[in-house]
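Okay, structure first, notes after.
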Amino acid sequence: MGEQTPIEGVRLFAWFRWDSLSTKIIVWSFVPAAIILLMVALATLNAYQEVTEDLVIERDRELTHLAASKFVSEISQYSNLLLDETRRAGIYNAHPSDQAAALIEAKNRLLTFDGGVVILDSFGQVSATLPLRESLHGEDWSAREYFILLLRTRGDYAFSNIVADGPGDTEVISIATAIYDPQGEFRGAMVGMFQLDPASNNAFHGTLVSLRLGMSGQMYLFDGRGHIIFHSDPTQIGKDFSGLMVVQRTLKGEGGALRTVNAQGQSIVAGFAPVPLTDWGLVTEDSWSVLTREGQNHAMFLLLLLVAGVIIPTLVVLVGIRRIMKPIEALMDATQAVARGDFGKTLPVSSKDEIGKLTEQFNLMSSELESSYTLLERRVGDRTRELSALYEVTSVANESLDLEVTLERSFNQVLEALEAKLGSIQLLDDHGDLHIAIQRNIPTGSEKTTEQVKRDHDLSEWVVNHNEPLVVQDLSNEMTEENETLPHYAYVGVPVRLKKKMLGVLSVIRSIKKQFTTEEVALLGSIADQIGVAIENARLYEQAEQMAVIEERSRLARDLHDSVTQSLYSVILFAEAAKRLSDKGKLDETKDYLIDLKENAQQALKELRLMVYELRSPTLENEGLIGALQHRLNTVEERAGVKTELQVEGTIDLEESVEEALYRIVQEALNNSLKHAAASAVEIKLSQSSGHFELCVSDNGQGFDPDLAVDSGGIGMFSMRERIEKLGGSFEVISNPDSGTSIQCHLKLM
């Protein structure tokens, strides 16, 4: 270059003079350009942060909920283990020596509970321990929350908060299962305990560790008081987190995700969900700074683009201000559209300068946001659909005990969830042969293959023989002369099992265009397990019906023997005595025997009518409490020659469960009067007003001493008292010998 002349230098210097027109144009153009680019950068960053926060919160909400559900599914194996043990005779016989022997015999199966196993009798006292802890025997644990819960709800199992019940008073988590004898009577509880110390490396801790696999950030599980059961940071275990907002909301039964601060005051995104079937809660935490690290890099990149976008307009503003402003305005509009949720918004790139690059980056960001959001929606939709199908199958299995209906509805849910139209459910018969229970659109011979399952065995038989799922992504590779019906389909079959017992095979076939994924195979496995439960429920229901018939026959036999048979035998004896006396001409004495014969025959008739009434279908559900009581009086008492009266004051409006209990109380009172009181009249009074309900059943029979009745057993009185006290009411018996009897109940309505 040549040496710059003084005149050119003066001109260049003059161009930068503050009072020059060019400088003013540049300055006046620079300010709005800088403002516009800054707004673009801030709007883009704000949109990115808003979308990031929404997506992360939605993700954490779903992940935490799924993790809580998965945790319940995982720990159910421990409660099932205890339930299996409670069904052993040595446990439910309730004899401490038998229970101790049973625990020793089950020692290897109960090693999972490193905090030991304790058996409580029906009064909540420790009757047996494993390993042996003699100092606990006879100790009263009836105040333990899980024992009270089992006793009150008659449930199968319950989970405790953190308690110091472990060896050496160490803190443990307890899983308690109710012990019932074959007659369904509560015999106590079996309690399995896990130590909280992570160094113990027990199965419970392992379940929680495996639950956290694939998660980032922190995760912790807390009990119903907010104390930490498990934490990613072991030093936090046992601490009180009840003051945290997410813990308080979870303990109230809420679930979700939000942006908040943790115990150290750091900004986080926390997902929280209550753990089903327990008082516990699960929380996951992700550092907000980590989640937005990529956004910070993006902000730096936007800042660089902003600088470039400011410098370039200052150099070319005189010749291109309008050309520059138009794409900037369009970019700002597009950014605002993205901020409103219009993902995928793109702009044409009209130049290769910094504004063009900014537009390209915006288009790239917008496309990535759209792809990410679409992918997330699809995944959430898939998981929701699959979980919904599993939930529906579980609901169907619980709703109906008709196996055919359950299989039909469950299989429809399977096909809908996997978007398939072909498949079958095959069950094993008593001879170990498969037969089709449910089938959809499968042509004959379509399940035959050769090399994949060897020697042309049936695909379902392969699943049965190997006891594992089978996936054939292309049936055309397995075609033979015998199997040419499904050349363009994929196949998946999973075993239907119950407690490792093979029951059958669930098979699904769909187009080869949509391959079966690992998640879908796992879903089918879970559904197959639920179908196995449904099959077992149907079998148990059938057995229960048979047992109910047997028990009813036994009860009738006992009632006939204890009441009617004895009365008829007395009739025979009186008849024979009367005949002998009449043959001898002793008519006065014969008359006395005939009177006794009549009374016994009438008593037998009363008891027969009572038994016939009890065999009839109940009228309570169809006619309500008043109608059912009137029907009882008309059918039994009046036909037995007893004068009856039913008085009703006010409008009787009670819940079904309350009506059922009151009806049983009146029924027991009438039965006692008919069998024992020799009453000629009974009266029932019902009254309801101002939140109170009164019931009175009275007769004019021979009466009795209530204290002696209680001392001698008084099962009927005890049953009536127990029913009304369960409803929160009071029960009173007023009776004296030869003065009749009055049963009075008072109930305060909510």
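Because only heavy atoms are used, hydrogens play no part in the values below, and waters and symmetry mates are left out as well, while side chains stay in.
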Heavy-atom distance under 4.5 Å between the side chains of [X] and [Y], does that happen here?
{"X": "V414", "Y": "L524", "answer": "yes"}
{"X": "D165", "Y": "V191", "answer": "no"}
{"X": "E285", "Y": "V246", "answer": "no"}
{"X": "F71", "Y": "L221", "answer": "yes"}
{"X": "T260", "Y": "I268", "answer": "yes"}
{"X": "L120", "Y": "V126", "answer": "yes"}
{"X": "L130", "Y": "L110", "answer": "yes"}
{"X": "T86", "Y": "Y180", "answer": "no"}

With sequence neighbours excluded, tell me which residues meet side-chain contact (heavy atoms from CB on, under 4.5 Å) with [X].
{"X": "Q515", "value": "Q473, I512"}
{"X": "P234", "value": "P198"}
{"X": "D529", "value": "none"}

inquiry  = Does F194 form a ring-ring contact (aromatic ring centres under 6.0 Å, His included) with F113? I'd like the steps, not just the answer.
reply    = CA-CA 5 Å; F194 293 101; F113 303 98; 5.0 Å; yes
Just by modelled atom types, is the [Y] backbone N or O under 3.5 Å from a matching donor or acceptor in the [X] side chain?
{"X": "H466", "Y": "E468", "result": "no"}
{"X": "Y78", "Y": "G192", "result": "no"}
{"X": "S73", "Y": "S69", "result": "no"}
{"X": "S232", "Y": "M219", "result": "yes"}
{"X": "E85", "Y": "I91", "result": "no"}
{"X": "R144", "Y": "S160", "result": "no"}
{"X": "R133", "Y": "V118", "result": "no"}
{"X": "S122", "Y": "F186", "result": "no"}
{"X": "Q248", "Y": "S242", "result": "yes"}

If you round to the nearest 0.5 Å, how far is [atom2] of [Y] from [atom1] of [X]?
{"X": "I104", "Y": "N108", "atom1": "CD1", "atom2": "CG", "value": "12.0 Å"}
{"X": "L506", "Y": "I531", "atom1": "CG", "atom2": "CD1", "value": "5.0 Å"}
{"X": "F516", "Y": "L523", "atom1": "CZ", "atom2": "CG", "value": "11.5 Å"}
{"X": "D240", "Y": "D223", "atom1": "CG", "atom2": "CG", "value": "9.0 Å"}
{"X": "Q77", "Y": "N80", "atom1": "CD", "atom2": "CG", "value": "8.5 Å"}
{"X": "L136", "Y": "I119", "atom1": "CG", "atom2": "CD1", "value": "13.0 Å"}

Mind listing the closest non-hydrogen atom pair of [X] and [Y] along with its distance?
{"X": "L150", "Y": "A189", "answer": "CD1-CB, 3.9 Å"}
{"X": "D233", "Y": "Q218", "answer": "N-OE1, 3.8 Å"}
{"X": "S142", "Y": "I148", "answer": "O-CG1, 3.4 Å"}
{"X": "A128", "Y": "Q99", "answer": "CB-CB, 3.9 Å"}
{"X": "I724", "Y": "S730", "answer": "CG1-O, 3.8 Å"}
{"X": "V521", "Y": "V494", "answer": "O-CG1, 4.2 Å"}

task = Could you pull out all residues at least two apart from R87 that satisfy side-chain hydrogen bond (donor to acceptor under 3.5 Å, both in side chains)?
result =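 With sequence neighbours excluded, R87 shows a side-chain hydrogen bond (donor to acceptor under 3.5 Å, both in side chains) to D84, given in chain and number order.
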request  = Check side-chain hydrogen bond (donor to acceptor under 3.5 Å, both in side chains) between E74 and all other residues, then give those that pass, not counting sequence neighbours.
outcome  =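 Partners of E74 under the side-chain hydrogen bond (donor to acceptor under 3.5 Å, both in side chains) test: none.
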Can you give each donor-acceptor pair under 3.5 Å made by side-chain atoms of residues 167-177, sequence neighbours left out, with the distance rounded to 0.1 Å?
unit_1: T170; atom_1: OG1; unit_2: P167; atom_2: O; d: 3.1
unit_1: T177; atom_1: OG1; unit_2: M190; atom_2: O; d: 3.4

task = Would you sort out whether W280 and N161 count as a side-chain contact (heavy atoms from CB on, under 4.5 Å), showing the intermediate values?
result = CA-CA 8 Å; W280 305 347; N161 294 323; 4.2 Å; yes
request  = Evaluate the criterion side-chain contact (heavy atoms from CB on, under 4.5 Å) for residue pair I57 and V269; output intermediate values, then yes/no.
outcome  = CA-CA 7 Å; I57 288 177; V269 172; 4.0 Å; yes
query = Relative to the ring of F241, is the ring of Y220 parallel (under 30°), tilted (30 to 60°) or perpendicular (over 60°)?
reply =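 Taking F241 first and then Y220, their aromatic rings stand perpendicular (interplane angle over 60°).
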inquiry  = Using the rule given for side-chain contact (heavy atoms from CB on, under 4.5 Å), can you reason through L498 versus V533, listing the C-alpha separation, both sets of side-chain angles and the distance that settles it, and then say yes or no?
reply    = CA-CA 6 Å; L498 180 69; V533 172; 4.1 Å; yes
ask   = Is the CZ atom of F123 crowded by more than 12 outside heavy atoms at less than 6.0 Å?
value =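 No, the 6.0 Å shell around CZ holds no more than 12 heavy atoms from other groups.
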key: L82/Y157 under side-chain contact (heavy atoms from CB on, under 4.5 Å): CA gap, chis, key distance, verdict   = CA-CA 9 Å; L82 291 175; Y157 55 85; over 6 Å; no
